[in-house]
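Working notes, beginning with the structure itself.
Lettering follows sequence order; numbering is per chain, from 1. Both backbone and side-chain heavy atoms feed into the values below; hydrogens, waters and symmetry mates do not.
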Protein chains: 2
Amino acid sequence: MTKLRDVAKLAKVSTATVSRVLSNAGNVTEKTRRKVLAAMEDLNYQPNFLGRQLRKMETKTILVVVPDIANTFFSKVLRGIESVANKNGYQVLMGDSQNKSENESEYLNHLRYKQVDGVILLTARTTPHLVEELSDSYPIVLACEYLEGSNIPTVSIDNISSARKITSHLIKLGHHRIAHIAGPKNVILGRDRLKGFEQALAQNNLEIDQILIQEGDFTYESGYRLMKKLLALQNPPTAVFAANDEMAIGAIKAIKHCQLSVPEDIAVVGFDDIQMASIFEPELTTVAQPTFEIGSTAMALLLSLMKKEKLNMKQFVLEEQMIVRESCGAKSNVIDSS
Amino acid sequence: MTKLRDVAKLAKVSTATVSRVLSNAGNVTEKTRRKVLAAMEDLNYQPNFLGRQLRKMETKTILVVVPDIANTFFSKVLRGIESVANKNGYQVLMGDSQNKSENESEYLNHLRYKQVDGVILLTARTTPHLVEELSDSYPIVLACEYLEGSNIPTVSIDNISSARKITSHLIKLGHHRIAHIAGPKNVILGRDRLKGFEQALAQNNLEIDQILIQEGDFTYESGYRLMKKLLALQNPPTAVFAANDEMAIGAIKAIKHCQLSVPEDIAVVGFDDIQMASIFEPELTTVAQPTFEIGSTAMALLLSLMKKEKLNMKQFVLEEQMIVRESCGAKSNVIDSS
DNA sequence: TTTAAAAAAGAAATCGATTACATTTTTGAA
DNA sequence: TTCAAAAATGTAATCGATTTCTTTTTTAAA
């Protein structure tokens, strides 16, 4: 490994001068600059980042912690993050927490150890306490999920109101007995979407039947399993709101396996608008989050944080959009009523 | 930031002793050890990795470069990598090259700059030259893809033979006019699967009609678009082999949109066995790669490389498995003939 | 030509931990 | 008790680049 000092020696200048050439800092004659560049070329010199990072105490790298890389929803958020990061000279690294809070905390240590300059959490299952504590000293942004009653910079949509809207949509279509395949109770998204679901029922004076609320874990399998359970009820639901698209697809699959059809026998709606939502049959009615924008906003926020800028706004709630497709039966309804 | 020196001062020992306690190096009395640990506790000391890394010239981190995180196939390989990595005290970071070779090269620079100890490439679109060159000096393992005529450590399946097998399967089912929606020509996987396809035709004395070979880019959209093109032919194919599941699903969708059905009118098979392959309707006949094992083997290989162990075997070809489901029509055939 | 200001270049400290080597302390056999 | 070997601890160099502080050189106005 040739190092800066070797370049300096060959070019017959000091290490300081080489460093100045390296960082384009100015105050270097064109003549010396050429001499140094030639020496670098000669020795095929590559600066060692560890040295630079140690001195500058920065890595120009940020870490994104994802709960589950297999979930394509997050990949779009990542694209948003990367687009802003790269424009600003930052590298993006990903860590997959695999839905385990231990892994999440593990990744957060990268901050303590100065391995990355900042972190965007697409999941906040770690003890809120830890995130709060770290957030005091290091740049952290939460995206998609958030921490209740916390002041940590956050970018997300209003999950409660979106869930309320899509549930109301089912109610408007004439359903009274609506089930909810919920997300995990320990995840804020799960709790919020449940809350929105319950609010919609309450607003329409519908009773909340606890047996119709089943807690899944955002996977296809749990959607399938819980739907089977709901179908086995004496009085099964006529509509189901699943807390994400994967579970919704699982639910539809379960319904089909019972020789029933969607939306004719049971209407199903999901949440997230993953790619499969528009490919699967029936096409899924769901809530589309502005994924790319969530990512880019989060990264912009993180940049401000890293620059220690004064923030006049730390929490962003972006607009979501309900996308009506086939699985809720609205379209066939429209045709019927026309 | 409290540093090692502060701990040493508080514990009234030398920095060397603190370092020894930190690394459990032994040669420290239990008494001093306690004193040091107490001081660390007191100051809430967290070692700075940059310092350690610079000195030891290692980061205990490896980087996995993925061509497209949105493709769930890779997430399973990643799980295999992580499982072995974590057992050996390595952190896994991911970089998404977004199918661009510039990004790929960019990520490879992490090696030069000593930001990671090793790299696993799940994509090798960069100029072979660059990878070859880096591979001389740094630990690099290729997984899934490989470089022709290269000696770089690699873990993959035999794409040519798998493609040949699944094409032969279609031929055995009675198809003579089989199309291939290929992967990109500049990706070895694309070329290999095409080669296998052609071999199968040749072995069965079927003519290769170039119009039936369409080059896609592994995305759903390209599968859809190219299938539409194939359907518009005067003499369309009766079966299609798509080089991956996403394109296969796109193709099926296109067929359905033309009021035709799969497999009755046209049989379709894919490659990879992503989760959607068994959820989508009709369920996809495809080739299942041992994803987890590819990942774990690649990581094990990388570990040996990083330890500079002598390798008696550098290239691994793992067993794949053809999974026959509905989309090829074999099952309905079986029922017919029974 | 002189001289003050500006620009260029160099010397050496620094970032934080590790470690080779040196020194001190402890151990235990003679 | 003595003393050599082993164990514990300390000192200071080191990893590679950046940066502060000086010193030297250049520039340009007087």
Side-chain angles (χ1 to χ4, degrees), chain A residues 1-40 43-61 89 109-117 137, chain B residues 1-40 43-61 89 109-117 137:
Chain A
M1 271 306 278
T2 60
K3 44 186 155 178
L4 189 137
R5 183 175 311 200
D6 303 329
V7 176
K9 202 180 293 174
L10 182 64
K12 298 206 171 81
V13 297
S14 71
T15 59
T17 301
V18 178
S19 178
R20 280 188 273 257
V21 170
L22 212 51
S23 59
N24 265 313
N27 287 350
V28 180
T29 337
E30 186 54 28
K31 196 175 141 201
T32 9
R33 213 179 80 87
R34 286 234 197 81
K35 218 167 40 174
V36 171
L37 287 174
M40 285 179 178
L43 297 168
N44 190 24
Y45 169 73
Q46 298 289 345
N48 177 310
F49 269 36
L50 292 179
R52 171 180 302 174
Q53 287 168 4
L54 173 61
R55 179 61 225 230
K56 297 180 99 169
M57 279 298 167
E58 68 169 21
T59 61
K60 282 282 176 182
T61 302
N109 278 332
H110 281 243
L111 278 173
R112 284 220 171 92
Y113 296 153
K114 288 278 164 59
Q115 300 196 100
V116 295
D117 296 345
S137 336
Chain B
M1 270 307 278
T2 60
K3 45 186 154 176
L4 190 137
R5 184 176 309 202
D6 303 328
V7 176
K9 202 181 290 173
L10 182 63
K12 297 203 173 82
V13 297
S14 71
T15 58
T17 301
V18 177
S19 178
R20 280 189 273 256
V21 170
L22 211 52
S23 60
N24 265 313
N27 288 351
V28 180
T29 338
E30 186 55 27
K31 197 174 138 202
T32 9
R33 213 178 81 87
R34 286 233 197 80
K35 220 168 37 176
V36 171
L37 288 175
M40 284 180 178
L43 297 169
N44 189 25
Y45 170 73
Q46 298 289 346
N48 177 310
F49 268 37
L50 292 178
R52 173 180 301 174
Q53 287 169 3
L54 173 60
R55 178 62 222 228
K56 297 181 101 171
M57 280 297 167
E58 68 170 20
T59 62
K60 282 281 176 183
T61 302
N109 277 333
H110 281 243
L111 278 173
R112 284 221 171 92
Y113 296 153
K114 286 280 164 58
Q115 299 196 99
V116 296
D117 296 344
S137 336

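- Between the side chain of B/S19 and the backbone N or O of B/T15, no donor-acceptor pair lies under 3.5 Å.
- The CG-C1' distance, from B/L50 to D/dT14, rounds to 17 Å in whole Å.
- As a whole-Å value, the separation of B/E58 CD from D/dT14 P is 21 Å.
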Restricting to nitrogen or oxygen on both sides, can you table the protein-nucleotides 5-8 of chain C pairs closer than 3.5 Å?
from  : atom 1 : to    : atom 2 : distance (Å)
C/dA8 : OP2    : A/N27 : OD1    : 3.1
C/dA8 : O3'    : A/T29 : OG1    : 2.8

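- Distance B/R33 CZ to D/dA7 P: 18 Å, rounded to the nearest Å.
- Between B/V7 and B/V21, every side-chain heavy-atom pair lies at or beyond the 4.5 Å cut-off.
- Under the 4.5 Å side-chain criterion, counting only non-hydrogen atoms from C-beta, A/L4 is in contact with A/L22.
- Following rounding to the nearest Å, B/K3 (NZ) and C/dT18 (C1') show an atom-to-atom distance of 15 Å.
- In this model, the phosphate group of C/dT18 is approached by a side-chain N or O of B/R52 to a distance below 4.0 Å at OP1 or OP2.
- Looking at heavy-atom distances under 4.0 Å, A/K31 makes no contact with the nucleic acid at all.
- Under the side chain to side chain donor-acceptor pair (under 3.5 Å) criterion, the residue pairs touching residues 43-54 of chain A are A/Q53-B/Q115, with sequence neighbours excluded.
- Protein atom CD of A/Q53 is 12 Å distant from nucleotide atom P of D/dA17, rounded to whole Å.
- The NZ atom of B/K56 sits 22 Å away from the P atom of D/dA13 (whole-angstrom rounding).
- Heavy atoms from other residues, nucleotides or ligands lying under 6.0 Å from NZ of B/K35 number more than 12.
- Remark: C1' of C/dT18 and CZ of B/R5 are 13 Å apart, rounded to the nearest angstrom.
- Base contact: B/L54 has a heavy atom under 4.0 Å from a base atom.
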Could you list the protein-to-nucleotides 11-13 of chain C atom pairs, N/O on both sides, closer than 3.5 Å?
none

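- A pairwise comparison of heavy atoms in B/A11 and B/A39 identifies CB-CB, 3.8 Å as the closest pair.
- Across all strands, B/V13 comes closer than 4.0 Å only to sugar-phosphate atoms, never to a base (heavy-atom distances).
- As a whole-Å value, the separation of B/N24 CG from D/dA8 P is 14 Å.
- To the nearest 0.5 Å, the span separating OG1 on A/T59 from CG on A/L111 amounts to 9.0 Å.
- When side chains are defined from C-beta on, A/N24 counts as touching A/R33, because their heavy atoms get closer than 4.5 Å.
- Here the OG1 atom belonging to B/T32 is positioned 10.0 Å from the CZ atom belonging to B/R20, to the nearest 0.5 angstrom.
- Within the 4.0 angstrom heavy-atom criterion, only backbone atoms of the sugar-phosphate kind lie near B/T17; the bases stay farther away.
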